[in-house]
There are 2 protein chains.
Amino acid sequence: MKIDPLLNYMSKYVSLTEEEKAYLDSKIVLRKYLKGQYLVQQGDICKYECYVVSGCTKTSYVDDLGQEHIIMFSIEDWWTSDMASFINQSPADFNIQFLENTELIAISHDVIEDLYKHVPKLERFFRQVVEKAFIASQKRVVRNLSMTAKDRYLFFKEQYPEIEQRIPQYMVASYLGITKEFLSKIKSQLIMDQ
Amino acid sequence: MKIDPLLNYMSKYVSLTEEEKAYLDSKIVLRKYLKGQYLVQQGDICKYECYVVSGCTKTSYVDDLGQEHIIMFSIEDWWTSDMASFINQSPADFNIQFLENTELIAISHDVIEDLYKHVPKLERFFRQVVEKAFIASQKRVVRNLSMTAKDRYLFFKEQYPEIEQRIPQYMVASYLGITKEFLSKIKSQLIMDQ
DNA sequence: AAATTATATTAACTTAGTTTAACATTTACT
DNA sequence: AGTAAATGTTAAACTAAGTTAATATAATTT
């Protein structure tokens with residue numbers, strides 16, 4: 001089935017019958033994007049809640065001064081969307097851009113509501129997905145409040161070693177909430193320290 | 001019914017039958033706490049997901065240096081728990097303390113699982129509650145990345161005017177991620193500015 | 001009302017992180 | 001291979017925010 005990667009991921013949370021799997025498969029779209037394209041741009045309506053099959057995205061906010069702040073990266077097995085925009089079908093606050101050629105399983109708003117109706121287990125599944133996302137976001141708040149930039153960088157390296165290899169350093173800096181120059185300084189300090 | 005405030009809140013999201021309301025009422029506990037008591041302490045298992053009927057709580061994280069960082073306040077109509085601890089029934093990262101005498105509607109882990117089974121609409125309801133919490137948390141991440149301390153303070157004043165009146169200023173400072181001294185400085189600058 | 005205790009202010013000094021700008025290195029393009 | 005574009009480094013000057021410590025004010029307790 002085209003949604004096998006998703007089914008494999010879902011099996012950790014809920015067990016679906018063959019009919020339910022087939023129904024899900026019939027409703028869901030596989031989409032491919034090139035590096036540089038956008039899934040959502042600030043002001044758009046976010047049409048899809050997406051499961052990343054392969055590739056990488058960044059979610060960012062551009063402030064009044066035109067500065068970009070990276071909220072999260074998504075790689076294989078992660079979900080991505082502008083949740084507020086998707087749920088309310090209202091203009092997005094965030095940009096979601098592909099940092100690599102990316103393959104997604106995309107679920108539109110209409111489809112997800114239909115799925116909740118026809119396969120109630122999916123309501124449970126998505127509740128659990130959002131719970132995990134919320135917990136991760138709260139932990140990020142805590143790290144930004146309690147850790148220095150250096151420690152946040154070390155944590156990032158440790159927790160997401162795959163991501164650091166795949167994206168330019170200035171984006172890591174933006175994610176950490178510091179300038180690229182300061183991240184450079186931190187890295188050279190870390191090298192001297194050893 | 002003892003859970004009327006909660007039912008009123010829920011009616012914005014789902015509509016329950018009288019039987020469902022009665023079932024919910026039978027399963028749910030009303031609890032009262034005094035100012036200063038704890039709902040959860042770091043290391044405890046968070047037993048309840050709670051709806052605040054009246055009063056106020058703070059959720060905080062104490063780091064290795066013993067410094068407290070306030071993650072959120074909850075007042076009337078808000079939910080509070082250590083979500084990670086509650087879901088996995090694992091030791092809590094956070095403290096949740098009452099800043100006023102507080103009345104809660106408390107739902108234990110067993111009960112919530114039972115409710116999901118017997119009243120599937122509640123799975124939908126709680127999905128929506130968590131979605132909102134996630135969106136709020138992501139916005140907090142964005143503000144901490146993109147705004148100066150002064151602007152974060154002005155935003156806080158505007159968005160939560162009720163809360164600022166009810167809690168000491170050093171807790172506002174902790175929530176904003178700055179020292180109490182620096183918040184004092186910001187406030188006196190704001191007074192001079194006008 | 002006096003005395004504690006908790007909260008808030010002020011100021012001098014220090015530090016973490018930013019800004020600017022010049023230069024170096026890597027990656028992508030013809 | 002050679003050039004342009006994108007990314008990364010370094011350093012000096014600057015600023016936002018933290019630290020310390022002394023003092024002031026407000027809220028509780030006796």
Side-chain angles (χ1 to χ4, degrees), chain A residues 34-37 56 58 60 62-70 73 97-101 141 143-157 163-194, chain B residues 34-37 56 58 60 62-70 73 97-101 141 143-157 163-194:
Chain A
L34 296 175
K35 178 174 173 173
Q37 284 192 286
C56 181
K58 69 158 202 265
S60 66
V62 178
D63 68 23
D64 301 339
L65 301 167
Q67 275 189 296
E68 182 182 43
H69 305 276
I70 297 181
F73 301 106
Q97 189 181 22
F98 299 99
L99 302 179
E100 300 173 356
N101 297 344
V141 170
R143 290 197 301 274
N144 285 340
L145 290 178
S146 66
M147 294 165 81
T148 63
K150 184 177 172 184
D151 288 340
R152 293 200 305 275
Y153 171 61
L154 290 171
F155 178 88
F156 177 80
K157 262 173 88 80
I163 296 182
E164 200 191 4
Q165 310 314 315
R166 290 162 70 173
I167 61 178
Q169 191 172 303
Y170 70 87
M171 290 189 190
V172 176
S174 170
Y175 175 86
L176 296 173
I178 58 177
T179 58
K180 56 190 180 7
E181 291 85 356
F182 191 53
L183 180 53
S184 239
K185 200 183 208 170
I186 287 171
K187 287 183 82 170
S188 72
Q189 276 171 3
L190 285 170
I191 290 165
M192 294 192 316
D193 282 357
Q194 349 157 335
Chain B
L34 296 176
K35 178 173 175 174
Q37 283 193 287
C56 181
K58 69 158 201 262
S60 65
V62 177
D63 68 23
D64 302 339
L65 302 168
Q67 275 190 295
E68 181 181 45
H69 305 276
I70 297 182
F73 301 106
Q97 189 181 22
F98 299 99
L99 302 180
E100 300 172 357
N101 297 344
V141 171
R143 290 196 301 274
N144 285 341
L145 290 178
S146 65
M147 293 165 80
T148 63
K150 184 178 171 183
D151 289 340
R152 290 195 314 269
Y153 171 61
L154 290 171
F155 178 88
F156 176 80
K157 262 173 88 81
I163 296 183
E164 201 192 2
Q165 311 314 315
R166 290 162 70 174
I167 61 178
Q169 191 171 302
Y170 70 87
M171 290 189 189
V172 176
S174 170
Y175 175 86
L176 296 173
I178 57 178
T179 59
K180 56 191 176 11
E181 292 85 355
F182 190 52
L183 179 53
S184 240
K185 201 183 209 169
I186 287 171
K187 288 183 82 169
S188 72
Q189 276 171 4
L190 285 170
I191 290 166
M192 294 191 315
D193 283 358
Q194 351 157 337

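Quick caveat, the model's predicted, so the values are computed rather than measured. Throughout, a chain's letter reflects where its sequence line sits, starting with A, and its residues are numbered from 1.
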Query - side-chain N/O B/Q169 vs C/dT9 OP1/OP2, d < 4.0 Å - result: yes
Query - Nearest-Å distance for atom pair OH/P, residues A/Y153 and C/dG17 - result: 15 Å
Query raised in the report: Starting at CD of A/Q165 and ending at P of D/dG8, how long is that distance when rounded to a whole Å?
Result: 12 Å
Query raised in the report: Rounded to the nearest Å, what distance is computed from the NE2 atom of residue A/H69 to the P atom of nucleotide C/dG17?
Result: 16 Å
Report task. Check whether any side-chain heavy atom of A/L176 lies under 4.5 Å from a side-chain heavy atom of A/F182, and answer yes or no. Result -> no
Query raised in the report: Are B/K157 and B/E164 ion-paired here, with the side-chain N under 4.0 Å from a carboxylate O?
Result: yes
Query - Annotated protein contacts, base or backbone, on nucleotides 13-23 of chain D with a non-hydrogen cut-off under 4.0 Å, one of B, S, - each - result: ----BBBBB--
Report task. Find the distance A/D151:CG to C/dA16:P and express it as a whole number of Å. Result -> 11 Å
Report summary line: Rounded to whole Å, the CE-C1' distance (B/M192 to C/dT10) equals 12 Å
Report task. Drop me the distance from B/S60's OG to B/H69's NE2, to the nearest 0.5 angstrom. Result -> 9.5 Å
Query raised in the report: Between atom CG of B/L99 and atom NZ of B/K58, what is the distance when rounded to the nearest 0.5 Å?
Result: 5.5 Å
Query raised in the report: To the nearest Å, how far apart are B/L183 CG and C/dT10 P?
Result: 12 Å
Query raised in the report: With a 4.5 Å limit on heavy-atom distance, are the side chains of B/Q169 and B/K187 in contact?
Result: yes
Query raised in the report: How long is the line joining CE of A/M171 and C1' of D/dA6, in whole Å?
Result: 11 Å
Query raised in the report: In Å and rounded to the nearest 0.5 Å, what is the CG to CD1 distance from B/L145 to A/I178?
Result: 11.0 Å
Query - Interatomic distance where CG belongs to A/L176 and P belongs to C/dA16 [whole Å] - result: 17 Å
